[in-house]
4 protein chains.
Amino acid sequence: MAKATNQQEPTGLRADARRNRDLIVVAARELFLEQGIDVPLDEVARRAGVGIGTLYRRFPDREALLRAVGEENLHHLADLAQTAQREEPDAWHALCRFLRGCVKLRMGELSAKLDPHLHQRLRAGHDLHEIRQQVIDALLGMTEQAQADGALRGDVGPGDIAMLMTLHIYLPANMAGGPAVARVTEIMLNGLRAGVGSPLPGEALTGDDLRRYTAME
Amino acid sequence: MAKATNQQEPTGLRADARRNRDLIVVAARELFLEQGIDVPLDEVARRAGVGIGTLYRRFPDREALLRAVGEENLHHLADLAQTAQREEPDAWHALCRFLRGCVKLRMGELSAKLDPHLHQRLRAGHDLHEIRQQVIDALLGMTEQAQADGALRGDVGPGDIAMLMTLHIYLPANMAGGPAVARVTEIMLNGLRAGVGSPLPGEALTGDDLRRYTAME
Amino acid sequence: MAKATNQQEPTGLRADARRNRDLIVVAARELFLEQGIDVPLDEVARRAGVGIGTLYRRFPDREALLRAVGEENLHHLADLAQTAQREEPDAWHALCRFLRGCVKLRMGELSAKLDPHLHQRLRAGHDLHEIRQQVIDALLGMTEQAQADGALRGDVGPGDIAMLMTLHIYLPANMAGGPAVARVTEIMLNGLRAGVGSPLPGEALTGDDLRRYTAME
Amino acid sequence: MAKATNQQEPTGLRADARRNRDLIVVAARELFLEQGIDVPLDEVARRAGVGIGTLYRRFPDREALLRAVGEENLHHLADLAQTAQREEPDAWHALCRFLRGCVKLRMGELSAKLDPHLHQRLRAGHDLHEIRQQVIDALLGMTEQAQADGALRGDVGPGDIAMLMTLHIYLPANMAGGPAVARVTEIMLNGLRAGVGSPLPGEALTGDDLRRYTAME
DNA sequence: TATGAATGAGTTTTCATTCAT
DNA sequence: GATGAATGAAAACTCATTCAT
């Protein structure tokens, strides 16, 4: 799976150059989370074990680096969705596993730090379309199947699931690890069960709505 | 209400100095949201219409400014809780109004931008204890009353409500305004209804747990 | 005269700030000539005796500094033309003095170092229009009067004089000081005398043509 | 002629290496003129279509590249002088053709960009002696013959012609193409005619003086 | 008290140069 | 020989902070 992921990233680099590129992205991800997205790029280079010039050769500015990290994050999200779908016995449990797993990705921690304009620019970048579509497809499959199984309430669409996913993704770091989150997730899942509570306002959110709201990015 | 809020802030300034202070906080809040918490303080001063020297006289460093903005945010949160409690006919509807209202405060947008260490330091600052206690008290009251009314499931505590509140607070800006949020909130509220779904894992979260997780900060 | 020159430069600065600005321009002019237009701006600041930040506050980039130096150069050129016109007994001698004096300004040494695009941008800047017009006016007066006196050949216009001026301005530094230049200038002046040699090709160049060719810039 | 020129450059390279060397010099000449002599060598290599390593193999530093370009320039100058001398019917017309042709070489555009120290170093380099001597010889021949013919005033020497040549060479790019230059050249030629105007100050400049002043370099 | 000019440390960024492939 | 990846020194540039006016 990891291999498949990597194959979608820029290729055609000499083996050593490729390895350096990956080291840089890993270091950047770590430091962005630890110290904020304004860490000196010097420090990123140092942690990656390369010269600052090498970093700049691959990533002409901070934004390019953020984009690369975001792309990797999205790969993880797609992995999570596809694995859940594949490994769980039924669609409802796949949905549960997916939502619970989103928290651990800590994706929002990064997105939330971006200023709105940059955030928008990153989202608009076309590098992410394909991979984002994979997430969408998986969510769509799980939602429809769970409804056919009578496990998921009928008046929600895949877009609604994506919204809940986003909420999990953006959970602040200090809560993300704790046991309290598990309870909150269960409250949501209870609210999603078929035959529960009052009808929701408006229309079920479709995959297209979802496309507008999916996180990071 | 606004007046009451202001009285809790530093006082004893000459009227014009006081006005300058407020202009600065407002400008800072706007710019932190627009451009990130790293906006040049020069720019904050310019937007506030004061000299950079004046800004420094009131706020010895960026952290002091962040603290002031956070404090104001927390005042808004307390306002929201107390007003809901006072104006709604019953506790369940007060809870609903409170959760729905959290989104509009856009509080998390700022907190989420802080690096973990700074975030921790701000939370620990003692300026916020009193006002945070007000939020806690209101939540506690609403929760217990709603359970007594048989409207809220019995296995949740005020801490659980606070978690849901936090989720709403941290909702990313691009989603915060949309109609999709309303649906997500309703899903959660459905999950909170008495007699719904499966029991939650672990113990109901108390006000003390809540204290650890409340946002902004 | 120097005073008049200064009054045309940006004003409204505190006295000390104004003095610093001037020190920077002087230092820049010296170093651009000594070391090329790529001298580290650090060095300019050091020679001016100010911090690098001060330099950047007044001149947001190297181009702004070049523009300021160029403006000063042009002031010197106008001074030269006007002084010659005022102090010489007749227009022909004023022209001679003007042409001979151009060499000493060393103006071209700077312009010639600019890459074409930058050069064009500087020329286009509107800061220089007024002062350039002064040069044009003086040249026009001298030319017409010298022709009325029967000293200057009739088939040249002020634009032709400006061309010769430009040639002198762009004389390379290693020749500019030497005695050889004097001889070359005299050859030109001989060629300008009334009744000499063959007619020139094309039309006499007017002040408008001149406007297109005047140097530095 | 072009072939003869090339034969004087370093030889003994494999055919492909030789071709690469020439591509680099051509690219360098273009970019030096377009962007200034500080253009990144990376860019020179790219325009030449070779790797940066290849460039460095041939030219150990920027100065070597400048020297090569200058050398080529000087070859063109010698070509111009020798061709004029050979093809024109008499020495006066050869001189005229030579002076008029200098403008098109755009040689000064490069020299003028050098800082004084580098300029001096390049001039001093011994690579250029032989080729510069060719220019000198041609000028000397034309001057003496034109004076013998009674066409050129007697009180100028070949050094004076060289000075006028230099003036033409250093003409700024924005003027070099225009029709105005032709008029200026004619003014000079008129000033050079036998029997014209007043005597020149000082002594006629010899070939030795000329050696000191000839451009590029 | 308010102002904004000055400062320089800290970052970003570029590019000449080396060297493994 | 050719290539282009890596390097890091040097230059550009920003901005928090101080302090004279």
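Note: hydrogens, waters and symmetry copies are ignored here, and every other heavy atom, side chains too, is used. Letters A, B, ... are given to chains in the order of the sequence lines, protein chains preceding strands, and every chain is numbered from 1.
- Rounding to the nearest 0.5 Å places CD of A/E109 at 11.0 Å from CD of A/E34.
- Using a 4.0 Å cut-off between charged side-chain N and carboxylate O, A/R67 and A/E63 make a salt bridge.
- Note that CG of B/L114 is 8.0 Å distant from NZ of A/K113, once rounded to the nearest 0.5 Å.
- Dashed line: the shortest gap from a side-chain N or O of B/N20 to OP1 or OP2 of E/dA2 is under 4.0 Å.
- Using a 4.5 Å heavy-atom threshold, the side chains of C/L41 and C/L65 count as touching.
- Counting to the nearest Å, the C1' atom of F/dT3 and the CD1 atom of D/I24 are 12 Å from each other.
- C/I24 CD1 to C/T54 OG1: the interatomic distance, rounded to the nearest 0.5 Å, is 6.5 Å.
- The CG atom of A/L55 sits 13 Å away from the C1' atom of F/dG8 (whole-angstrom rounding).
- Closest approach of A/F59 to A/A68, counting heavy atoms only: CE2-CB, 3.8 Å.
- Side-chain contact check for C/N73 and C/R29: at least one donor-acceptor pair (N or O, by modelled atom type) lies under 3.5 Å.
- What separates CG of B/L31 from C1' of F/dC15 is a distance of 15 Å, to the nearest Å.
- For B/R58, a side-chain nitrogen or oxygen approaches OP1 or OP2 of E/dA2 to under 4.0 Å.
- Separation of atoms CG (A/L55) and CD (A/E43) is listed at 12.0 Å; rounding is to 0.5 Å.
- When the side-chain nitrogen and oxygen atoms of B/T54 are compared with OP1 and OP2 of E/dT3, one or more of them lie within a distance under 4.0 Å.
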- Along nucleotides 13-21 of chain E, 5' to 3', which nucleotides get a B, which get an S, and which get a -, given that the test is a protein heavy-atom distance under 4.0 Å? BBSSBB---
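- Between the CZ atom of A/F59 and the P atom of F/dA6 there is a distance of 11 Å, rounded to whole Å.
- We find the CG-CG distance between C/L66 and C/D61 to be 9.0 Å, quoted to the nearest 0.5 Å.
- At the phosphate of F/dA6, neither OP1 nor OP2 sits under 4.0 Å from any side-chain N or O atom of A/R57.
- One interatomic measurement links the two molecules: CZ of B/R46 to P of E/dA5, which rounds to 12 Å at whole-angstrom precision.
- The CD-P distance, from B/Q35 to F/dC15, rounds to 10 Å in whole Å.
- DNA chain F contains the following stems of three or more consecutive Watson-Crick or G-U pairs, with both distances under 3.5 Å: E:2-21 with F:2-21.
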